[in-house]
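Each residue takes its place number in the sequence, starting with 1. One-based numbering, in listed order, for ligands and for the atoms of each. Fair warning: this is a prediction, and the values are worked out from it, not measured in the lab.
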Amino acid sequence: MMDKITTREKLILRLQEISEKGILDAEYADRSENMHRLFMYPAMMVPATQSAIVQAFSDILPPNTYAIDPFMGSGTSLLSCIEFGFNVFGQDINPFAVLLSKAKTTVYDVSKLRTSLENIRNRILLDNSTTIDITFSSIDKWFTKDAQISFSKIRRAINAEECIDYRNFFWVLMSEAIRVGSNDRTSTFKLHRRSFEELQHRNIDVIQKFLSIAVSGISDYEMFYNKLKKEHNSSELNFRGKAEISWGNSQLKINSKRKFDLLLSSPPYGDNHTTVTYGQTSYLPLQWIPFNDIECPYEYLRTTQEIDRQSLGGKIDNKSLEEKRVALFKKTKHLKDFYLNIPDEEKSKYQKTIAFIADFEECLKNIVEVMQDDAYYIWTIGNRFVGGREIPNAEVLQDLMEYYGINLFFKAERQIFNKKQACKNNHSRTMEKEQILIFHRKE
Ligand SMILES: C[S@@+](CC[C@H](N)C(=O)[O-])C[C@H]1O[C@@H](n2cnc3c(N)ncnc32)[C@H](O)[C@@H]1O
């Protein structure tokens, strides 16, 4: 008991120090490393922040620690855990997040990646075919004919690689080329076609774009893993733990039979249909990647909305919502008080919020089941406004965790400088806040 109190106090001191030094805000952190440029996934966590937090736990957790991120997104939190030698398990409902996290956590031989790229480049350059290999509704809206021909060449060239792990890496890089080379605007996560005038002046050589993205992607990968080798004083990557990446809906099940020592995650905030549309952002790349290399039922790829619809809060069943709301209010006083304070005529605006939190609660039930009794839970959760009111996401999370007997022992706020602009300039930043909440069951 004494020992645990001391451990907790030690942790609190370390976390306070990190917070006071402004490390959580990571405003001036070097964002160029860590492979996060492989693909600009929505709402990426800041690697420097996650790593600083994990470091505080690194000598407190057992040597063979298993960490989980049940909403892994592009795998930032997983990489921070890998940095400290932990084994990781990640799950996400978005098949593109699975692909991306696999590419980042797989151990590649960098010289083989370079040879693969050389082979891919040669195949593309020798390919004189004008055949377009895929079709989907509104393909002509999103891609010029030239881009369709070029992406077909890139797709054929990558598909000829024998090893699925290597194909995965290049699918991700092709996806980044699709993100910047399609007719979609890159300024929002929602699919939004560029104007006719803009498209007329646009002249992107997508093959060159892909090749240059691939060259820097391999260098980013090399830089990250070299940094790890250096930090761990090893010429090999044998110091690092296992990485297991799974496609799955955390609301239904966590696809692992393990018990985890650490959770490091950031769930969605309930705006997957409006601003942070993880699924829509992934829709175009997923149309170009051969279905055999994608993990998920085919229906997820059918429409631009489907992944977001299957995600937390994506579907509202009016019949069961009332029942869910009543059950939820028994577990979270903050949500109940928030809802009761809303004038009746405005309550309908908050149906989606209730549906989202009810779905999240179902995930939490599954998550708690796969955690060790003395596991640590590190959640990052953001503020969000609906109808001019701030949803008390952090307080609701705290209520729900306490419902499962897991108590908050550290809380810090961090300023975020527009996550989407993570690698871009400082001019367009918008300030928001996120809460970092750390829980542990034992006193
Ligand atoms: C904020 S992002 C995660 C960021 C991530 N923790 C990181 O470290 O970069 C939230 C993720 O939750 C995923 N998600 C939404 N609903 C889900 C569900 N029911 N099951 C699993 N993942 C889900 C989204 O696809 C998205 O990738």
Side-chain angles (χ1 to χ4, degrees), residues 26 31 34-36 38-51 53-54 67-83 86 88-105 189 243 245-256 262-273 275-283 286 295-296 300 305-315 352 355-367 370 377-384 393 397 416 419-420 422 432 434-436:
R31 293 162 198 260
N34 259 348
M35 295 194 280
H36 298 287
L38 291 193
F39 182 90
M40 289 300 288
Y41 192 74
M44 284 196 282
M45 304 290 294
V46 183
T49 306
Q50 292 303 77
S51 297
I53 299 172
V54 179
I68 178 172
D69 185 348
F71 307 103
M72 75 187 158
S74 60
T76 314
S77 301
L78 298 181
L79 283 191
S80 292
C81 291
I82 284 178
E83 218 178 310
F86 300 161
V88 295
F89 170 82
Q91 176 165 312
D92 203 287
I93 197 164
N94 180 353
F96 186 69
V98 173
L99 216 76
L100 190 48
S101 292
K102 270 192 182 162
K104 289 182 181 176
T105 57
F189 294 123
I245 305 296
S246 174
W247 175 80
N249 182 347
S250 300
Q251 195 181 340
L252 301 178
K253 184 170 173 273
I254 303 293
N255 295 330
S256 173
L262 175 71
L263 172 138
L264 182 67
S265 191
S266 160
Y269 303 162
D271 48 2
N272 46 315
H273 271 308
T275 37
V276 190
T277 50
Y278 301 100
Q280 269 191 56
T281 308
S282 313
Y283 176 78
L286 286 169
E295 258 179 78
C296 76
Y300 275 68
Q305 308 282 330
E306 194 55 26
I307 295 173
D308 294 313
R309 208 178 71 81
Q310 298 287 347
S311 301
L312 292 191
K315 288 175 279 190
K352 273 191 187 152
F356 167 76
I357 297 175
D359 287 354
F360 176 70
E361 203 284 319
E362 286 179 22
C363 294
L364 205 52
K365 192 165 21 157
N366 295 332
I367 293 165
V370 297
Y377 297 72
I378 307 171
W379 288 107
T380 300
I381 191 147
N383 54 356
R384 176 165 188 249
N393 272 343
L397 174 66
I416 45 173
K419 282 189 183 183
K420 182 176 158 48
E432 274 187 63
E434 273 177 341
Q435 312 274 344
I436 295 165

If hydrogens are left out, which of [options] has an atom nearest to [atom], that is, the closest non-hydrogen atom?
atom: atom 1 (C) of ligand 1; options: F360, Y269, F71, Y278; answer: Y278
atom: atom 22 (N) of ligand 1; options: I307, T281, I93; answer: I93
atom: atom 8 (O) of ligand 1; options: S77, G73, P268; answer: S77

Minimal non-hydrogen separation, [X] against [Y], with atom names:
X: S250; Y: Q91; result: OG-NE2, 3.3 Å
X: P267; Y: I381; result: CG-CD1, 4.1 Å
X: L100; Y: F39; result: CD1-CB, 3.8 Å
X: N255; Y: S246; result: ND2-OG, 3.0 Å

I'd like to check which ligand 1 atoms, numbered from 1 as shown, lie under 4.0 Å from a non-hydrogen atom of [X].
X: P267; answer: 1 (C)
X: N249; answer: 18 (C), 19 (N), 20 (N)
X: N94; answer: 25 (O)
X: G248; answer: 20 (N), 21 (C)

Check whether any N or O atom of [X], backbone or side chain, sits under 3.5 Å from an N or O atom of ligand 1, and answer yes or no.
X: L312; result: yes
X: D92; result: yes
X: A97; result: no
X: S250; result: yes

Between [X] and ligand 1, which part of the residue brings a heavy atom under 4.0 Å of the ligand: side chain, backbone, both or neither?
X: D69; answer: side chain
X: Y41; answer: side chain
X: P70; answer: backbone
X: M72; answer: backbone

Please examine the side chains of L263 and I68, heavy atoms only from C-beta on, and report whether any two atoms are closer than 4.5 Å.
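Yes, close enough: below the 4.5 Å cut-off.
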Could you check whether any side-chain heavy atom of Y300 comes within less than 4.5 Å of a side-chain heavy atom of I93, counting everything from C-beta outward?
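Yes, close enough: below the 4.5 Å cut-off.
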Check K365 with E362, please: is the shortest side-chain N to carboxylate O separation under 4.0 Å?
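Between K365 and E362 there is no salt bridge, as every charged N stays at least 4.0 Å from the carboxylate O atoms.
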Backbone of Q251 reached by a side-chain donor or acceptor of N366 within 3.5 Å
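Yes, N366 side chain to Q251 backbone: donor-acceptor pair under 3.5 Å.
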Give the ring-plane orientation class for F71 versus W379, where under 30° counts as parallel, over 60° as perpendicular and anything between as tilted.
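Geometry flag for W379 against F71: tilted rings.
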Could you please spell out the steps behind the side chain to side chain donor-acceptor pair (under 3.5 Å) verdict for N94 and Y41?
CA-CA 11 Å; N94 180 353; Y41 192 74; 3.2 Å; yes
